[in-house]
Student: 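A single structure is presented below for examination.
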Protein chains: 2
Amino acid sequence: MVTLKDVAKRAGVSVSTASYSINGSSLITKETKQKVLLAAKEIGYRTNGPAKNLKEKKTNIIGLFLSGFTGPFFTDMMEGIQDVVIQNGYELMVYASDDKHRLLVERYVDGAIILNYHMEDSFLESIADEKLPCIVLDREMETPFINQVLLPNERGSAMAVHYLLEKGHKRIGYMAGSTESYDGEMRLKGFKKEMQKHNHSFSEKDLLRADFTESSGYLAMFQYIEKHTQNVPTAFICANDEMAMGAIRAIKEKNLKVPDDIAIIGFDDIYVSQHFSPSITTIKVPRKQWGIIAAHSLFKMMDSKYKVETDGAVSIELMSRTSG
Amino acid sequence: MVTLKDVAKRAGVSVSTASYSINGSSLITKETKQKVLLAAKEIGYRTNGPAKNLKEKKTNIIGLFLSGFTGPFFTDMMEGIQDVVIQNGYELMVYASDDKHRLLVERYVDGAIILNYHMEDSFLESIADEKLPCIVLDREMETPFINQVLLPNERGSAMAVHYLLEKGHKRIGYMAGSTESYDGEMRLKGFKKEMQKHNHSFSEKDLLRADFTESSGYLAMFQYIEKHTQNVPTAFICANDEMAMGAIRAIKEKNLKVPDDIAIIGFDDIYVSQHFSPSITTIKVPRKQWGIIAAHSLFKMMDSKYKVETDGAVSIELMSRTSG
DNA sequence: ACATTATATTGAAACGTTTCAATGAAATTA
DNA sequence: TAATTTCATTGAAACGTTTCAATATAATGT
């Protein structure tokens, strides 16, 4: 491996001079600087990142820790994060896992954004500190070096319920995702709360469980209709658009009409939703903005060395289309 | 920051003993080992990754370098890679960028898998070496520490052409993606070649260009029909399923029927393709398998310290459905 | 010509690990 | 009991950087 020492030798200067030159210090004269740079290029010198990190006690890397590379939903968010991270002269490293978190534990990152239900609160508390502030996207936590940037999930569900009640629906069902998802459970909570608020009864048998995928939504709805034929709600709210698509597919297959027999409302407004047939009424979540806010909030924390108020909440809106 | 030195002090042993204990060396007696481990836990010791890397000259991290977090296509592949990487006791770091590649240049990874048209061949040649073998997924390269794992794109297109000709189509159009994509250009090449082979003329005006997204596919097809109304091919092959979906949407909107007026064949077989209406005839690409093969090939190279034949090619097949 | 200041270069220490070689203690052998 | 072997522990060097403090050189002022 070619090191700074080699560069220095070839350029006929000391290691320190070589280092200063490569880092563009103003102390060094132009000529020596060029001499060094040339030597470096000639022998193919490349900085050794870990060594640099060790000395500087920072990596200039931000980590995004997910529980999986799942679905179309997250890529927009990643792009938002990526933009901000690059702007700030850092790199973004995406890491998906369900058990170990070495890159987080071993200080490979200067900051972290977390959306990973596998990580326990206590674990996060133990690793977050001044040198490693964290943003959590999937839980509520109030501790010194951890900040949350959450989606207004409850409000979204409330909007959907309100919208359906206005349209005269009496009995509304709900298709939830897996219980492990914070966003998912909040959406369910918001739904129940709003129903209650309007004195609308909701029986647990109209609560379907799936796992956020299209196929699981299809299956859940198919089985539900099979079992409760002739006695189903006139509308369903689904915890995300993919399940809504699955539900619609099942309904069609059972020779029922959307929205005439059963109206469907989704959540997220992923790209295909407006092109689906029928186009899906849904709660639009600005995913990229979410990522941007999260990343900004992280850098603010890294600057201030302490907890900080997150600026600008994520704003959602109901997109009224044909499915509901 | 709490270091090994602190642990050693608290446990009343030397730094070396602490290090050996934590790494589970058999030299150390059980009691001291426990003493050290306890001390470490008490003061919240965490290994400093960069320091360790510096000393050991390896990071145990594999990097996946993409040009963007785009589309539903790549997540399956990532999962395949991730599985193999974890199995081998490494971590996977995903990194998307269009300019700098610091994490690659500065030896943050022990191996890399590359699918990023922004990286030039010469750049890759300059960084790949014994300590950093690379697998390229988006180009043909024959150099010592670089191995390629490619999709049989040409064959896929040929299969599609063959299938359509069998069905009696005479004039077949093609919707290509952006020219920057290796896979895309190979698919186009395969298409042209097969047409020629069967003595079928193909005029450049039946070649549409889009950028692999649904919306771009929609737009391209919409404009094409608008311009050449009454005089369009009876079938189109699209370089990926997303564009195929867009194309179908445009065709429907122009009050033409798929496949009766225009048949459509896609490429990739992404999840929604079989649930789309109409379901899409397409070339199925086993994405996860692709990732697995790539990762295996990488580790093989890391072991053998030299170029290696990749075992098991990626196998594709044509899924005959209703759109074409 | 000499003292002073400014400028350019360098030696050496430090970052937190790992690991070799050396030491010390205990156990075995003769 | 002395000599030898085994086992556990430790000191010190090394990994490739950065950066402080020190030195060497050139430029300035008197």
Side-chain angles (χ1 to χ4, degrees), chain A residues 1-37 39-40 43-61 102-103 105-110 129-132, chain B residues 1-37 39-40 43-61 102-103 105-110 129-132:
Chain A
M1 175 183 208
V2 28
T3 77
L4 250 195
K5 207 163 137 193
D6 302 321
V7 175
K9 195 190 295 177
R10 176 168 249 263
V13 299
S14 73
V15 176
S16 0
T17 305
S19 173
Y20 281 127
S21 300
I22 286 185
N23 292 304
S25 161
S26 60
L27 286 174
I28 310 295
T29 57
K30 228 171 193 169
E31 300 91 59
T32 35
K33 230 182 252 181
Q34 286 182 330
K35 211 166 48 179
V36 171
L37 261 20
I43 59 179
Y45 169 75
R46 292 183 282 146
T47 300
N48 180 311
K52 185 176 189 152
N53 295 160
L54 173 57
K55 184 63 197 176
E56 296 187 336
K57 296 190 169 195
K58 69 194 299 264
T59 63
N60 271 272
I61 301 175
R102 183 165 70 90
L103 272 28
V105 176
E106 295 187 2
R107 319 198 94 88
Y108 276 92
V109 295
D110 291 340
D129 63 26
E130 192 188 346
K131 304 290 286 176
L132 178 40
Chain B
M1 177 182 204
V2 27
T3 76
L4 248 196
K5 207 165 139 191
D6 302 320
V7 175
K9 197 191 294 177
R10 177 169 246 265
V13 299
S14 72
V15 177
S16 357
T17 306
S19 173
Y20 281 128
S21 301
I22 287 187
N23 292 306
S25 161
S26 60
L27 285 175
I28 309 295
T29 188
K30 225 172 194 170
E31 298 92 59
T32 34
K33 230 182 250 181
Q34 286 183 329
K35 212 165 47 177
V36 172
L37 260 20
I43 59 180
Y45 169 76
R46 292 184 282 145
T47 300
N48 181 312
K52 187 177 186 150
N53 295 160
L54 172 57
K55 184 63 198 175
E56 296 189 334
K57 296 190 169 193
K58 68 192 302 261
T59 64
N60 271 268
I61 301 175
R102 183 165 70 89
L103 271 30
V105 175
E106 295 187 3
R107 320 197 93 89
Y108 276 92
V109 295
D110 291 340
D129 63 26
E130 192 187 348
K131 304 289 284 176
L132 177 40

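Sequence lines set the chain letters: A, B, ... in the order given, protein chains first and strands last, and positions in each chain run from 1. None of these values were measured; they are calculated from a predicted model.
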Student: Would you say dT10(C) has OP1 or OP2 under 4.0 Å from some side-chain N or O of Thr17(A)?
Tutor: yes
Student: So, is Thr32(A) close to the dT9(C) phosphate, meaning a side-chain N or O under 4.0 Å from OP1 or OP2?
Tutor: yes
Student: For the pair made of CD in Glu56(B) and P in dG16(C), what is the distance, rounded to whole Å?
Tutor: 17 Å
Student: What is the separation between atom CE on Met1(A) and atom C1' on dA14(D), rounded to the nearest whole Å?
Tutor: 15 Å
Student: Can you tell if the side chain of Met1(B) reaches within under 4.5 Å of the side chain of Asp129(A), non-hydrogen atoms only?
Tutor: no
Student: State whether Ser19(B) places a side-chain N or O below 4.0 Å from either non-bridging phosphate oxygen (OP1 or OP2) of dT17(C).
Tutor: no
Student: Between Lys55(B) (NZ) and dA12(D) (P), how many Å, whole number?
Tutor: 16 Å
Student: Hey, does the side-chain of Tyr20(A) have a donor or acceptor N/O within less than 3.5 Å of a partner on the base of dC20(D)?
Tutor: yes
Student: Taking the minimum atom-to-atom distance to the side chain of Leu27(B), which one of dG11(C), dT10(D), dT9(D) wins?
Tutor: dT9(D)
Student: Look at the side chain of Ser16(A) and the base of dG11(C), then say whether one donor and one acceptor between them are separated by less than 3.5 Å.
Tutor: yes
Student: Can you tell me how far the CG atom of Asp110(B) sits from the CG atom of Leu132(B), to the nearest 0.5 Å?
Tutor: 8.0 Å
Student: Less than 4.0 angstrom between a side-chain N/O of Lys57(A) and OP1 or OP2 of dT18(D), yes or no?
Tutor: no
Student: Taking atom NZ of Lys9(A) as the centre, report whether more than 12 heavy atoms of other residues, nucleotides or ligands fall under 6.0 Å from it.
Tutor: no
Student: Any idea which of dT9(C), dT18(D), dT18(C) is nearest the Ile28(A) side chain?
Tutor: dT9(C)
Student: Does a donor on one side chain and an acceptor on the other come within less than 3.5 Å for Thr29(B) and Thr32(B)?
Tutor: no
Student: Backbone N or O of Tyr108(A) within a donor-acceptor pair of the Thr59(A) side chain at under 3.5 Å?
Tutor: yes
Student: Does Asn53(B) have a side-chain nitrogen or oxygen under 4.0 Å from the phosphate oxygens OP1 or OP2 of dT17(C)?
Tutor: no
Student: Are OP1 or OP2 of dT18(D) and a side-chain N or O of Lys52(A) less than 4.0 angstrom apart?
Tutor: yes
Student: Once you round it to whole Å, what is the distance between P of dG16(C) and CD1 of Ile43(B)?
Tutor: 13 Å
Student: Among dA8(C), dC15(C), dG11(D), find the nucleotide with the atom closest to the side chain of Thr29(A).
Tutor: dA8(C)
Student: Could you tell me how far apart Arg107(B) (CZ) and dC15(D) (C1') are, to the nearest whole angstrom?
Tutor: 13 Å
